[in-house]
Structure formats: structure tokens, C-alpha cells
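Below: the structure, in C-alpha cells.
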Amino acid sequence: MRMSQLLLPTEREAPADAQALSHILGVRAGLIRQLGAGLWTWLPAGWRVHQKVEAIIREEMNAIGGQELLMPLIQPRELWKKTGRDQIDEIFSLSDRKGAELVLAMTHEEAVTFHVSQLVRSYRDLPLILYHLQLKGRDEPRPRAGVLRTREFIMKDSYSFDRDEAGLDESYAKHIGAYDRIFERSGLEWYRVESDVGVMGGSGAHEYMAPCPAGENEVALAPGYAANVEVASAAASPAKVPPPGSAASEVATPGAKTIDQVAAALDLDPSALLKAFPVVTDGGRTVLALVRGDHRVNEFKLRSVLGEGFRPATDQEITSTIGPPGFIGPVGAEIPVLLDAAVAGQQGGWVAGANKADFHLLGVEPGRDFQFEAADIRSVEEGDVVGGEPIRLEAAIEVGNIFKLGTRYSEPLGATFLDEDGAEHPIVMGSYGIGPARIAAAAIEQNADDSGIAWPKAIAPWEVELVSLGKAGSPEREAAETLYEQLRDLGADVLFDDRDAGPGEKFKDAELLGCPLRITLGKRSLESGTLEVQGRRGLAELEPIALDADSAAVILETLARLP
RNA sequence: CGGGGCGUGGCGCAGCCUGGUAGCGCACCUGCUUUGGGAGCAGGGGGUCGGAGGUUCGAAUCCUCUCGCCCCGACCA
């Protein structure tokens, strides 16, 4: 591609409203432009990146037997009523000229299951993996960070159909293999982490996370361990709690309602306190969740232990069922107590609210002073230990997820098959998503430096940028033209900066755009008989290449050795 | 949905408080010079100041309403 003919609007300055690195550099390097909140255009260079990611995904999906198709973005709302997903807030709704209700698909479970329900009748048709790369519409409450969270985006979503859980496990394992290879080939630093299966149920889920500062998720990492903080479990550092005593005793704590206030008033470490978190479940049960004062309740784990959704109890509910807010505790409370495992696993005389205004209890011992059920209901903290190793927490972008759906969609949509005995069963499904735009954004975030982007070779807009110095018609420009033709003849993925611009501008633009290999051909090249070669990673000066009939081939060899 | 901020040429901004013919840098166009790290000189084009209404002799500037965008939080099958 000749840069003189390319729409590549690079900017010297960052857009004023941009925060995330991938947003700033995506715009500055001329890859993306905004049309509205969460609505982005991929300019030619950016679209090449997107397409390269797509190509990797297609290869790996096809390799596990996935069959590509294409389903509509606009869908009858009726279909979504059958699965109940028409009630989701993020659904874009519209109607046609006849008043028929339509939605923009946020994923394609409904559509694909609808078709499979009609097209698959026999166990002989299973297993099946179908996928497509198609737009998704989501009315996000808050689009953000350029292309990271948008209202319209392309997703690779695939769906597996099996006759039973064992089959699903196989399809799931195949996807893990394909996804591992996709993210590896894309050149990302990535983790496959266990994730929350959500209220929709399902028997297993993983997320693929790419660590980077702009990420919206947090992952807990230790050697040999990776999990979303939503589900991560680890051993807590020991609480600094006084030893067990003979009996609990009341102590006045006037006005001390928060953990910090109580800890300060009693001159104890916050970890010696029991934090009471009363909740009311969707089913109307009131439960007192208890965690250490220095820990936080994990709402995902709590929901999973409770087996249903919940909300924090209101002050009125707390007052009427337990005691004065700020001074509540498990002792004497006439509701079930869920005690976090980190507390249950350590002996001590804990501090808890006395259920009496301006008083707390010292020396409280679970079991002796109150009955409880123990469960892991807290969020892991930096420094917790798993497998003997301390955990660290890192921000990350979710670039993919895989999910065992079971019969969540096949049952409401009537997707069944007949087995060898003629018995009808619901098809067991899995769904698997990847956001190519997020892969591109994560690659920018993970590989940028002060000069711009340093693309992984596999998804760079071009693999090589040939920078031609000197003005049109000069001998050095003619030599560059020749080299460009030779590179093209060899099938090189090359961008040719043939613009009539100064060297500084060309170098800056090349470093901003971030093609892995930069070849410079100027007057000096003709004098020395060599081409200057720079690797984008670290702006490393590489061995010069002789300027002769073999230059193009040597450039490609050099490229092949780059990561 | 709560909180905060911003809308002035393609991009980044000043002007607004204290009303009086819309400005700067970059980018763009023409010419000449220049060509190894975002060039120089000269000339030039482009903006109903987000929109509507109001106050006023006069509104980018003051008032009211409205739309859009960004950030933090909540939310994110």
C-alpha cells in the first residue's frame, strides 16, 4: 500500500476527551474515529488490524470443526420473549413500518437455537459447532475508553450443540484449545480464568483476560493460579485477633459505627472485628453475612451460596429484625448467620456489634456465642495466599469468554433431538465469544511506548513499513520504488511511505503506527549500499541489509525472525 | 441512574467573569526554497461559537430550556 494514497489521518495531539491508551493511540495513529457515544468507525489501517484478528479466529475455529454462517442483527422480539431476554436493559428495541417489534441482537443464542431446533432432529446431526462474526447491539449505560466498551461491535460467537454433558465437555475443551491458540497467536499476554456463571446458571465458565491498565475487570494471579476476582479464593493472612477467652463481654463504643471507628475506639486491628452485612434475598429470607473487618463481602460468591439474588437490608429492616444499624452482630440475632471461612478457620475472641446502641462485644467466639454456617463469601485481597504463593490483583480487559449453557436456551426454544431409542432430549449447548476489537485494543495497551504502538507482528496493520526519503524523482526515491515493487512481488505485507514529506514526519508517523519492521531508504543508503533496519519493539536498530537484488528477500527473512 | 466536566474551523485551545465586526498553534491550499527526526518564507481558504427561545441598540459572552460528548461511581444476560 502506498501511503500517499492511504486515508491515514495521524494526529500529533491526543483527543482531549481520551483517557485510555488504546483510545488515544487508536485515534492518533489514524486507526479509528468516533461517530457517537460508543459508536466507532474503523479507518482503513485499523480495519486491517481487525481483519487480521478475524482471520486468526476463523482459522482456529475452522480447525476445531466450527462451521461459519451469518445470522441477522435485527431480530423479531418474539423470539427473545421466549427466553425472557427481551427484558434485559441493554436490549436495543425498534419497530418496523408495520409496527412489528424488533430488537438488535446482543448475542445470537436465540437465533442459532431457533434454527437448530428446526434443522436438527437426530442424534446423528450432533455434535455441531456453528459460529459467525457479526455485529452486536448493546445499549450500554456507559460506553467508554474508545473501542473497549461500545454500543455496537463485532463479536465472534460460536455455539456448540451436543447430546449430553459429556459431549458439551468435549466441545468446551475444543474451544479452550482454539481460544488458547487464538490469543497466543495474536501476541497478547493473556490468562484464562475461572469466572462467575451468573444467575443464569450453567455448569462452568471461563474468561480470557488480557492484563492492561484500561481494563474493567480484575484478575487474581499467582504462579499456577488465575481467576476473576469475582470467584477467586485464597487463604487470608491471619487476623490480628485477641486469643479466645472464657466469655464475651460488653464494651461501650459510643458513636462508633464503622469498622475504622470501632477499631480505633478499642485499639484493635480491623481484622479483629466482624463486619455484619445483612441481606434480604429475592425469596424474602433475611440472612446475616459476616466477614472480617478488613475483608469485603463478595456479592457473586454470596449470591452463589444463597442460591438466589439478594439486596442489602434497609435500615428499617435491620432495626426491626436485628438491632440498631452500626451496632449489629451475630450474637442473639434471630436470623441465619453466614460466616466467612476466613473467620471460621481461625480461633479468636472477635469483636462484634452487641445489637444495642453504642455497645460492642469483645471475645466473641463463633459456635459458642452464635450458630453459623461457614462459607467462602469474601473477595480475595492482594497478599492472600494460594498454593503457597501470594496473590496479586491486576486490571484486565475481558477479550473472550466461554460458557457451558446446558439447556438454558434449547428448552424454551424447543431445540431437541431423538436418540437411538427414539426418545426426545433437549440439546446441550455451549456459547463462546471473542471481541476482535478488544484484542486489538489490548494489543495496543500492552505494547505501546512513548513513540506510539508496537504491534505484535500477527495483527499489525502492515508487517513492514518502507520509508522512502528524498523527493520524488531523486535516485534514492527511484531505488525505493524498485524495492517496493520487489517486496510486492514476494507477497510482502508492506506499507510504502512515498509521501512528499520530511524525514522527521515520516519517522514519527511510522513509530506511531507501529509496524514491526521499518526499512529506511535514503541518500545514505545509496552511498553505503545498505538499508537501515529498525525493529519497532524498543526501536531497536538491527543489522543493515545490503541494497541489491536480494534486498526484498532478506527483509522478509529478517521479518520472519521477529516476534 | 447518581456525581463532575466540556461543547468556539479537521485536531488542540484562548476569548465568556466585565456584551461592541471571532482569535492562536497545528493541519489544509498556491508558489519558491528545503529533505536523515514533526522545515523556512510569502500568499490564501475554511467557523450560523452544539441547538432553540429570551434579555439588549447589539449576545460566543447574560438568562431559560434542550441536545451531544467525556470522566468517576452504580450497572455490565
Side-chain angles (χ1 to χ4, degrees), chain A residues 7-20 23-24 27-28 30 33-40 43 80 83-91 103 105-110 136-146 148-151 153 155 157 195-202 205 207 214-217 228 230 299-300 309 311-312 397-398 401 403 405 408-409 412 431 433 435 451-452 467-477 480 497 499-512 518-528 531-532 534 539 541:
Chain A
L7 180 65
L8 186 72
T10 57
E11 297 288 345
R12 291 171 94 132
E13 294 177 85
D17 51 17
Q19 302 287 323
H23 181 185
I24 293 171
V27 172
R28 283 195 56 210
R33 278 294 156 101
Q34 185 172 20
L35 190 62
L39 303 170
W40 288 83
L43 296 173
W80 289 67
T83 58
R85 294 214 299 170
D86 62 317
Q87 295 303 314
I88 293 173
D89 291 338
E90 280 75 26
I91 287 274
V103 299
M106 48 193 300
T107 57
H108 283 74
E109 278 87 356
E110 280 80 1
K136 306 289 177 263
R138 293 188 187 181
D139 194 359
E140 291 285 351
R142 181 149 111 76
R144 63 177 290 275
L148 232 45
R149 178 169 291 278
T150 55
R151 294 195 291 176
F153 60 97
M155 178 190 266
D157 41 327
S195 73
D196 183 48
V197 293
V199 279
M200 286 303 185
E207 288 167 340
E216 299 183 290
N217 298 81
N228 192 315
E230 294 172 0
E299 59 184 284
F300 297 94
R311 59 172 175 80
I397 300 180
E398 181 185 346
N401 64 67
F403 201 97
L405 289 174
R408 163 71 179 84
Y409 293 90
S431 76
S451 302
V467 175
S468 167
L469 302 181
K471 50 183 161 184
S474 64
E476 58 268 31
R477 172 63 65 84
D497 191 346
R499 293 175 301 170
D500 189 18
E505 193 176 343
K506 292 187 177 187
F507 291 142
K508 291 288 186 191
D509 274 349
E511 282 152 17
L512 184 57
R518 186 182 88 195
I519 306 293
T520 305
L521 198 167
K523 206 186 298 178
R524 288 184 196 168
S525 307
L526 298 184
E527 290 163 0
S528 67
L531 297 162
E532 272 166 56
Q534 186 201 64
L539 302 174
E541 206 61 38

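- Minimum heavy-atom separation, A/E476 to A/G470: OE2-CA, 3.7 Å.
- Rounded to whole Å, the separation between the P atoms of B/G68 and B/C75 comes to 25 Å.
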_How would you summarise protein contacts on nucleotides 30-35 of chain B per nucleotide, using B for base, S for sugar-phosphate only and - for none, with heavy-atom distances below 4.0 Å?_
-----B
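- Residue A/P9 is classed as having no contact, given no heavy-atom separation below 4.0 Å to the nucleic acid.
- With A/K506 contributing its side chain and A/S468 its backbone, the two residues share a donor-acceptor pair below 3.5 Å.
- Atoms CG (A/L512) and P (B/G38) sit 15 Å apart, rounded to a whole Å.
- In this entry the distance linking NZ of A/K508 with C1' of B/G38 reads 7 Å, nearest Å.
- When side chains are defined from C-beta on, A/T10 does not count as touching A/R28, because their heavy atoms never get closer than 4.5 Å.
- Across the C1' atoms, B/G46 and B/U34 are found 27 Å apart, a figure rounded to whole Å.
- A/D497 CG to A/E505 CD: the interatomic distance, rounded to the nearest 0.5 Å, is 8.5 Å.
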Pick out the pairs of N or O atoms, protein on one side and nucleotides 23-28 of chain B on the other, that lie under 3.5 Å.
from: B/G25; atom 1: N2; to: A/E13; atom 2: OE2; distance (Å): 3.4

All N/O contacts under 3.5 Å from nucleotides 69-76 of chain B to the protein, with atom names and distances to one decimal?
from: B/C69; atom 1: OP1; to: A/A37; atom 2: N; distance (Å): 2.8
from: B/C69; atom 1: O3'; to: A/Q34; atom 2: NE2; distance (Å): 3.3
from: B/C70; atom 1: OP1; to: A/Q34; atom 2: NE2; distance (Å): 2.7
from: B/C70; atom 1: O3'; to: A/D17; atom 2: O; distance (Å): 3.4
from: B/C70; atom 1: O2'; to: A/D17; atom 2: O; distance (Å): 3.1
from: B/C71; atom 1: OP1; to: A/A145; atom 2: N; distance (Å): 3.4
from: B/C72; atom 1: OP2; to: A/R142; atom 2: NH1; distance (Å): 3.3
from: B/C72; atom 1: OP2; to: A/R142; atom 2: NH2; distance (Å): 2.5
from: B/C76; atom 1: O2; to: A/R149; atom 2: NH1; distance (Å): 3.0
from: B/C76; atom 1: O2; to: A/R149; atom 2: NH2; distance (Å): 2.4

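- Under the Watson-Crick or G-U wobble criterion, with both distances below 3.5 Å, B/C62 is paired with B/G54.
- For the pair A/Q34 and A/T150, the minimum side-chain heavy-atom distance is 4.5 Å or more.
- B/U30: Watson-Crick or G-U partner is B/A42, with both key distances under 3.5 Å.
- The shortest distance between side-chain heavy atoms of A/E511 and A/R518 falls below 4.5 Å.
- On a pure distance criterion of 3.5 Å, no polar donor-acceptor pair joins the side chain of A/R499 and the base of B/G38.
- Among the atoms of the strands shown, none is found under 4.0 Å from any heavy atom of A/Q87.
- Taken to the nearest 0.5 Å, the CZ atom of A/R149 stands 4.5 Å off from the CD atom of A/E140.
- Once rounded to the nearest 0.5 Å, the distance linking CG of A/L531 with CZ of A/R524 reads 13.5 Å.
- Rounded to the nearest Å, the gap between the C1' atom of B/U64 and that of B/U56 is 16 Å.
- A distance of about 24 Å separates the P atoms of B/G50 and B/G45, rounded to the whole Å.
- Side-chain atoms of A/T107 and A/D157 form no donor-acceptor pair, as typed in the model, at a separation below 3.5 Å.
- The side-chain heavy atoms of A/F507 and A/L469, taken from C-beta on, include a pair separated by under 4.5 Å.
- Base engagement by A/S525 is indicated by at least one non-hydrogen atom pair under 4.0 Å involving a base atom.
- Using N1 to N3 plus N6-O4 or O6-N4 for Watson-Crick, or N1-O2 and O6-N3 for G-U wobble, each under 3.5 Å, B/G73 pairs with B/C1.
- The base-pairing partner of B/G9, taking Watson-Crick or G-U wobble contacts with both distances under 3.5 Å, does not exist among the strands shown.
- Annotation: B/C11 and B/C16 have their P atoms spaced 23 Å apart (nearest Å).
- Taking atom C1' in both B/C24 and B/C65, the straight-line distance is 33 Å, to the nearest Å.
- Across the C1' atoms, B/G31 and B/U66 are found 49 Å apart, a figure rounded to whole Å.
- Taking atom P on both nucleotides, B/C62 is separated from B/G25 by 26 Å, rounded to a whole Å.
- Under a 3.5 Å cut-off, the side chain of A/W40 and the backbone N or O of A/G146 do form a donor-acceptor pair.
- B/C49 is unpaired under the Watson-Crick or G-U wobble criterion, no partner having all donor-acceptor distances under 3.5 Å.
- Results of the salt bridge (charged side-chain N to carboxylate O under 4.0 Å, His left out) test with A/E109 over A/R85, A/R408, A/K136 single out A/R85 as the only residue that passes.
- Counting any heavy atom pair closer than 4.0 Å across all strands shown, A/T107 reaches a base atom.
- Between the CG atom in A/D500 and the CZ atom in A/R477 there is a gap of 6.5 Å [rounded to 0.5 Å].
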